[in-house]
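Everything on this sheet refers to the single structure shown next.
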Amino acid sequence: MKIKYNYHTHTKRCGHAIGNDEDYVINAIKAGYKILGFSDHAPYIIPKKGERMNYEQYDEYISSIKELKEKYKDDIEILIGVELEYYPSQMEDLLRYRKELDYCILGQHEQEINGRSNYNLSKPYELLEYADSIEKACDMGLADIVAHPDIFMFSYPKWDKYCTQATETIIDACKRNNIPFELNCGGIKYGKLIYKDGDRYAYPNKKVFEIVANKKCPVILGHDTHDPSHFLNEYWVNTTLEIVKDYDLNIIESYNIKEEANKRKEKLFNK
Ligand SMILES: [Zn+2]
Ligand SMILES: [Zn+2]
């Protein structure tokens, strides 16, 4: 199966991606993609240098992608979104992005605990709060994809019953709201890391995808591209698929993300 879409694409505005916007488009076309969604890290009040774009870059981001959308309209469909986190204290921004953009993906890299941002989830209560945030964002209608939900295994030391509980909470929220669970190719770039339970890639996580397969949750492939050349190199996708090859995953071949986003927006804003 050759996937013809990618909804998880960054730009250099976030501070840790490279290349020009147009190179992402040109390479996606060369790689045979029919839909390219940009989803750079959205700006927030909580500052994080090198992790997300600034407020001042937001309008220019939109206008740059709109220009490319028009320029390449005969070759590829381009959509404009952001990757956001569920931060209760940033709700005004979250709702604005939700309203203005074609779609939003939820990449909960950090967890707001007692009003403070926490990057390294290592304790059970932090992990359960993380799952709870994702659940809230999904139920509220903020997310059209749950990006790399298994990123918690980047910092969580060892699989335990709380990992199972958190994973089940996230999967159930995805299924209830018809939101695909992302199989993310971005974890490969860190290489294999050493953990208490052995060497492994930070994500995708096998145990997580075993539960995803058992619960028959819809899965979407996401490149999480931070470098235009990745579209032309099958290593990222192939290595990701290799990790989960033992599971019978329901990887969707197409997803009308804009239409689904519009339905969710309708529910969120016109209650
Ligand atoms: Zn990133
Ligand atoms: Zn991302």
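Because the structure is a prediction, the values reported are computed rather than measured. Order of appearance sets the numbers: ligands from 1, and atoms from 1 within every ligand.
Closest N/O/S atom of His16 to the Zn ion (ligand 1): NE2. Closest N/O/S atom of Glu83 to the Zn ion (ligand 2): OE1. Take the N/O/S atoms of Asp224: the one nearest the Zn ion (ligand 2) is OD1.
Donor-acceptor pairing under 3.5 Å is lacking for the side chains of Glu182 and Tyr7.
The pair Lys12-Asp23 fails the salt-bridge criterion, with no side-chain N (NZ, NE, NH1 or NH2) lying under 4.0 Å from an Asp/Glu carboxylate O. Using a 4.0 Å cut-off between charged side-chain N and carboxylate O, Arg176 and Glu135 make a salt bridge. A salt bridge does not link Lys207 to Glu210: none of the charged side-chain nitrogens sits closer than 4.0 Å to a carboxylate oxygen. Ion pairing between a basic and an acidic side chain is recognised when a charged N comes within 4.0 Å of a carboxylate O; Asp144 and Lys258 show no such pairing.
Between the Zn ion (ligand 1) and His226 there is an N/O/S contact shorter than 2.8 Å. The Zn ion (ligand 1) lies at 2.8 Å or more from every N, O or S atom belonging to Cys14. The Zn ion (ligand 2) lies under 2.8 Å from an N, O or S atom belonging to His10.
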